[in-house]
Amino acid sequence: MNRPSPAIVSQDAVRRLPRWALLLLCVAYVVPGYVGREPWKNADLASFGYMLSLLDASDWRQWLHPTLMGMGAESNALLPYWLGAWAMQLLGPLGVAPDFAARVPYALLLAGTLAASWSAMYLLARHPSAQPVAFAFGGEAEPRDYARALADGSLLALIATLGLAQLSHETTPALAQLFFGTLVFYGLAALPTRTVGASLALACALPGLTLSGAPSTALLYAGLSTLALALPGPTHVPAAVRRGALWLLPALMAACLALALTLELLHWDVTTWRNRWSDWRSLGRLFLWFTWPAWPLVLWTLWRWRRQLLAPRQQRHLGLPLLIASVPLASAVTTLAGDRALLLALPALAALAALALPTFSRGAAALIDWFTVLFFSGWAIVIWVVWLAMQTGVPAKPAANVARLAPGFESPFQWPAFAAALAGTLAWIALARWRTGRHRTALWKSLVLPAAGATLCWLLLMTLWLPALDYGRSFAPQMREVRRWVGDAPCVQVHGLGTAQWVGVRFHGGWQPQPAQGPTRCPWLLVDVDAQGSLPAAVNLNDWALQARVRRPTDDNESLLVFGRVDGR
């Protein structure tokens, strides 16, 4: 079922995007958010707490069941916590702060995700059915240059997606799942031409997904891939490779199933059917903003390449991304995972979005450029204006809004952050001026501005606004206030604290939290304000005297009651 390609691309349109520029963009996207910040509530701080608990483990069996306050992790993940704990063990003796050490392997996972996504699209674009139409007198794009241009476009589309920014910079199992899911994408894309590398990638990715809290996703990927290869009919996978894969994938599927059952990792939290319009509307809004701007391009790709969709097994550049994206998309609809499930679909959606580039008209590309320039320039101006208001009090209205949302916050001036933000802004101005000028077209040019704009805004947030975000999203300010009362006590007893609060007491406060009903006698007791009703059943109130109520500056609902032990009791 050979269908004519809708891609009409000349060699001039696939000229090389400078590697230094692409690498610099990736560095500017990956590094901010991993450097200089505090652990944020809730998932980021809770995951860090499980890593800290592994450092205290006295038995290797505790590494198979990480617990915090006697409770296991909600995600049933193991490998992400191991990575953070191993990094702290390795880098701690070198004087590296525990929270930064735990983020190092996650930064590498994000970098690996970007690299695997680029490589997967490059291999798919080399497929004959993905190549552009041959011109009668020559001059069409060379296969390698065309594939490289589409791979660049796919990487730019992935960086541009709004949903990737925060979740990919947290130390949570979601990022490990994203990396191993992208590695599955690469392994299946490389299977026909790089059999050994593809086999190693799949042998690493599927068990990695299982140990990262997504065993169902790993089993579905392995099962659907096996089914696609086993169905009768023509494919572009060589017969010998196909036979080998039909042994490898079921074997990996069995290994993942055995691993999940042995370690009790296999859980499927299916949600009740959404029978209210508000539930579907909320889910639709999540899809729209989380995958922006990839989803309009994906729809355009599906329309322009619709004739090739009749044979998805032969048209691997379409069929494989659709298979990879379908599992997390279905998971987001049928489970409670929401945005963290949808995260795994982004690399495949970015690959589909890149396939829209060869079919764009000049007018559509110009519309994308001008919209992107206005959108991200507007947000960059907002970030700068609010930062200026935090520093000087002018303009008055943004300054008043910051004072209302973060009472007591005083914004420090940080030269390194200011220099990085200024350099990023100047680079954006230069890029916008170049892109909106009269230059020869290139496939990747329509996604340069969205990717650079998303990177700019993320860079500005993680430099200019970072002190304010730390003040609002960490427990450090609250623990500093608690320390005024507790001092350097060897331990504190706690009651009613959530997982993130418990980790905040340990990490930011520096105390060893003990349960209120436990045998340990500590001089101080910290109680969540919402747990006052159950406190009499946990302790003898005659032994304690209320000393203070310490609120989180940005959320009064997370206030802590500080009790001191009455002398002699």
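None of the values given here were measured: they were computed from a predicted structure.
Across all their heavy atoms, L309 and P312 have their closest contact at O-CD, 3.3 Å. The nearest pair of heavy atoms linking L150 to A125 is CD1-CB, 3.9 Å. Residues L109 and A176 share a closest heavy-atom pair of CD1-CA, 4.0 Å. Of all the heavy atoms in A454 and I159, the pair that sits closest is CB-O, 3.8 Å. Across all non-hydrogen atoms, the minimal contact from W289 to L162 is O-CB, 3.5 Å. Smallest separation of non-hydrogen atoms from A189 and R316: O-NH1, 3.6 Å.
The backbone N or O of L123 sits nowhere less than 3.5 Å from a side-chain atom of R126 that would complete a donor-acceptor pair. A donor-acceptor pair is defined here as one N or O able to donate and one able to accept, closer than 3.5 Å; such a pair exists between the side chain of Y106 and the backbone of P80. Judged by distance alone, the side chain of S53 and the main-chain N or O of T67 form a donor-acceptor pair under 3.5 Å. Under a 3.5 Å cut-off, the side chain of W305 and the backbone N or O of L318 do not form any donor-acceptor pair. In terms of modelled atom types and a separation under 3.5 Å, the side chain of R103 and the main chain of V35 share no donor-acceptor contact. With hydrogens and angles disregarded, no donor-acceptor distance shorter than 3.5 Å links the side chain of S331 to the backbone of V327. Without hydrogens or angle criteria, W82 side chain to W63 main chain gives a donor-acceptor distance under 3.5 Å. When atom types are taken as modelled, the side chain of R340 and the backbone of T172 share no donor-acceptor pair closer than 3.5 angstrom. Under the 3.5 Å distance criterion, the side-chain polar atoms of W444 are left unmatched by any main-chain donor or acceptor of S154. T301 places a side-chain N or O within 3.5 Å of a backbone atom of A356 that can act as its donor or acceptor partner.
Using a 3.5 Å distance cut-off with no hydrogens or angles, the side chains of S377 and W428 do pair a donor with an acceptor.
By the 4.5 Å heavy-atom criterion applied to side chains, I324 and L320 are counted as neighbours. At a threshold of 4.5 Å between non-hydrogen side-chain atoms, the residues L178 and P347 count as touching. Residues T161 and T291 form no side-chain contact, since every pair of their non-hydrogen atoms from C-beta on lies 4.5 Å or further apart. In this structure, the side chains of L164 and L158 come closer than 4.5 Å at one or more pairs of heavy atoms. Side chains of L167 and L175 form no contact here, defined as non-hydrogen atoms less than 4.5 Å apart. Side-chain atoms of F48 and D44, non-hydrogen and from C-beta on, never get closer than 4.5 Å to each other. D145 has its side chain out of reach of R16: every pair of non-hydrogen atoms, C-beta onward, lies at least 4.5 Å apart. In this structure, V503 and P39 have side chains that are not in contact, with every pair of non-hydrogen atoms separated by 4.5 Å or more.
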Practice item. Could you walk me through whether Y81 and L211 pass the side chain to side chain contact (heavy atoms under 4.5 Å, CB included) test, one step at a time? Key: CA-CA 10 Å; Y81 306 134; L211 291 174; over 6 Å; no
Practice item. Check the pair Y146, L443 against side chain to side chain contact (heavy atoms under 4.5 Å, CB included), reporting the backbone distance first and the verdict last. Key: CA-CA 9 Å; Y146 175 76; L443 284 186; 4.0 Å; yes
Check your understanding: Given M462 and L469, is the side chain to side chain contact (heavy atoms under 4.5 Å, CB included) satisfied, shown in steps?
Key -> CA-CA 8 Å; M462 292 296 102; L469 292 173; 3.5 Å; yes
Exercise for review: Apply the test side chain to side chain contact (heavy atoms under 4.5 Å, CB included) to residues L124 and F185: give CA-CA distance (whole Å), side-chain angles for both, the deciding distance (0.1 Å), then the verdict.
Suggested key: CA-CA 10 Å; L124 290 177; F185 184 26; 3.7 Å; yes
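Rounding to the nearest 0.5 angstrom, the gap separating the CD1 atom in I383 from the CG atom in L456 is 7.0 Å. A distance of 11.0 Å separates CG in L459 from CG in L466, rounded to the nearest 0.5 Å. Here the straight-line distance linking atom CG of L114 with atom CG of L156 works out to 10.5 Å at 0.5 Å rounding. To the nearest 0.5 Å, atom CG of residue L461 and atom CZ of residue R37 are 13.0 Å apart. Here the CG atom belonging to L343 is positioned 8.5 Å from the CD atom belonging to Q177, to the nearest 0.5 angstrom. Atom CG of L266 is separated from atom CG of L259 by 11.0 Å, given to the nearest 0.5 angstrom.
Taking the six-membered ring for Trp and thresholds of 30 and 60 degrees, W118 and Y122 have nearly parallel ring planes, at less than 30 degrees apart. Between H169 and Y34, the ring planes are tilted. Angles from 30° to 60° get that label.
Surrounding CH2 of W303 are at most 12 heavy atoms belonging to other residues, nucleotides or ligands under 6.0 Å away. No more than 12 heavy atoms of other residues, nucleotides or ligands lie within 6.0 Å of CZ in R144, so this atom counts as exposed by the packing criterion.
None of Q314, H317, Q308 except one satisfies the side chain to side chain donor-acceptor pair (under 3.5 Å) rule with S129; the exception is H317.
In this structure, D152 does not pair ionically with R148, as no charged nitrogen and carboxylate oxygen lie closer than 4.0 Å.
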